[in-house]
Amino acid sequence: DPLVFTAALERRGATANSLDTDPETLRLQREHYPDLQTLESTAAFEQVFDTVLQVATALGWDIYLQDRNAGIVEAVATTAIMGFRDDVVIRVRTNAAGSLVDLRSVSRVGVGDLGANAARIRAFQQALRDRGL
């Protein structure tokens, strides 16, 4: 159930990497990053959504879409050293036990990211855990 960007399409240049999901890429990601899974929380949707916004802001991401009704946040993260801009989409959903948080990060340029997107997802998930989610 890969996350889909909506607002990012109009923010990326014509030469930016594709936002399409490729089945082979998804397979490789599952193989090489098995720890990157949906984050489950017993907290209510409203609390989780608010915390997602707080964490994204604290990490210095520029939030350009927040749709509470859809449970979607889109942002751009800029790398500290080279200033590369990577797009991030976060989805918050409810389940019987509380809430689910999914995150996807995609580089705008380049063939590989040397693990930067995976590191970003890990840091975000850890920040949510540190806040009790």
Side-chain angles (χ1 to χ4, degrees):
D1 189 15
L3 291 127
V4 177
F5 287 92
T6 55
L9 295 172
E10 58 197 46
R11 295 181 164 271
R12 299 164 66 91
T15 59
N17 290 336
S18 173
L19 291 172
D20 295 338
T21 54
D22 173 55
E24 177 61 11
T25 300
L26 293 174
R27 184 192 69 74
L28 289 170
Q29 288 170 341
R30 281 190 301 271
E31 178 182 330
H32 294 282
Y33 304 106
D35 61 308
L36 299 182
Q37 301 289 326
T38 298
L39 181 69
E40 298 181 28
S41 173
T42 57
F45 173 88
E46 291 294 327
Q47 178 187 354
V48 173
F49 195 86
D50 289 343
T51 304
V52 159
L53 292 172
Q54 292 167 5
V55 168
T57 300
L59 291 173
W61 300 353
D62 177 27
I63 298 171
Y64 54 79
L65 172 73
Q66 51 180 301
D67 184 342
R68 188 175 295 273
N69 291 331
I72 296 293
V73 174
E74 288 187 38
V76 64
T78 304
T79 62
I81 297 174
M82 298 296 290
F84 292 123
R85 297 170 58 82
D86 300 332
D87 290 288
V88 179
V89 60
I90 307 160
R91 177 178 59 202
V92 180
R93 298 179 287 176
T94 60
N95 70 358
S99 301
L100 305 171
V101 180
D102 293 296
L103 183 80
R104 180 178 174 210
S105 180
V106 179
S107 301
R108 288 188 180 182
V109 297
V111 176
D113 68 356
L114 302 174
N117 287 305
R120 180 175 297 115
I121 293 169
R122 286 185 188 106
F124 184 86
Q125 289 182 333
Q126 187 58 54
L128 288 179
R129 287 186 198 99
D130 290 347
R131 292 174 184 241
L133 297 184

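Here the structure is a predicted model, which is why all the values come from computation and not from measurement.
Between Val76 and Arg11, every side-chain heavy-atom pair lies at or beyond the 4.5 Å cut-off. Contact annotation: the side chain of Val4 never approaches that of Val89 to less than 4.5 Å [non-hydrogen atoms, C-beta and beyond]. Arg91 has its side chain out of reach of Arg104: every pair of non-hydrogen atoms, C-beta onward, lies at least 4.5 Å apart. The shortest distance between side-chain heavy atoms of Val73 and Trp61 does not fall below 4.5 Å. At a threshold of 4.5 Å between non-hydrogen side-chain atoms, the residues Phe124 and Val52 count as touching. Residues Asn117 and Ser107 form a side-chain contact, since some pair of their non-hydrogen atoms from C-beta on lies under 4.5 Å apart. Using a 4.5 Å cut-off on side-chain heavy atoms (C-beta onward), Leu133 and Gln47 make contact. Using a 4.5 Å cut-off on side-chain heavy atoms (C-beta onward), Leu3 and Glu74 make no contact.
Clustering ILVMFWY residues whenever any of their side-chain heavy atoms sit less than 4.5 angstrom apart, transitively, puts Val106 in a cluster other than the one holding Ile90. Leu103 is connected to Phe49 through a chain of hydrophobic side-chain contacts under 4.5 Å among Ile, Leu, Val, Met, Phe, Trp and Tyr, so both are in one cluster. A continuous path of ILVMFWY side-chain contacts below 4.5 Å connects Leu59 to Leu128, so both sit in one hydrophobic cluster. Under the 4.5 Å side-chain heavy-atom criterion for ILVMFWY residues, a single connected hydrophobic cluster contains both Ile72 and Leu19. Linking ILVMFWY side-chain heavy atoms closer than 4.5 Å, directly or via other members, places Tyr33 and Ile121 in a single hydrophobic cluster.
In plain terms, the two heavy atoms of Phe45 and Thr94 that are nearest each other are CB-CG2, 3.5 Å. Tyr64 and Ala8 make their closest contact through OH-CB, 3.1 Å (heavy atoms, listed as atom of the first residue, atom of the second, distance).
Pairs passing the salt bridge (Lys or Arg N to Asp or Glu O under 4.0 Å) check and including a residue from residues 53-65, sequence neighbours excluded, do not occur.
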Please determine whether side-chain hydrogen bond (donor to acceptor under 3.5 Å, both in side chains) holds for the pair Arg120 and Ser105, giving the CA-CA distance in whole Å, both sets of side-chain angles, and the decisive distance to 0.1 Å.
CA-CA 8 Å; Arg120 180 175 297 115; Ser105 180; 2.8 Å; yes

How far apart are the C-alpha atoms of Gln126 and Val55, what are their side-chain angles, what is the distance that settles it, and do they pass the side chain to side chain contact (heavy atoms under 4.5 Å, CB included) test?
CA-CA 10 Å; Gln126 187 58 54; Val55 168; over 6 Å; no

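The line from CD1 of Ile63 to OG1 of Thr57 is 3.5 Å long, rounded to the nearest 0.5 Å. Rounded to the nearest 0.5 angstrom, Gln37 CD and Leu100 CG are separated by 12.0 Å. With rounding to the nearest 0.5 angstrom, the OG1 atom of Thr51 is 12.0 Å from the CG atom of Asp130. A distance of 10.5 Å separates CZ of Arg30 from OG1 of Thr25, quoted to the nearest 0.5 Å. For the atom pair Asp35 CG and Arg122 CZ, the distance stands at 4.0 Å (nearest 0.5 Å). Here Asp102 contributes atom CG and Arg93 contributes atom CZ; the two are 5.0 Å apart, rounded to the nearest 0.5 Å.
Applying the ring pair (Phe, Tyr, Trp, His ring centres under 6.0 Å) rule to Phe5 yields no partners; only residues at least two apart in sequence or on another chain are considered.
Panel note: side chain Thr79, backbone Gly83; a donor-acceptor pair is recorded below 3.5 Å. Of the possible donor and acceptor atoms, one in the side chain of Ser99 sits under 3.5 Å from a partner among the backbone N and O of Ala43.
For the pair Asp87 and Arg12, the salt-bridge criterion is met [side-chain N within less than 4.0 Å of a carboxylate O].
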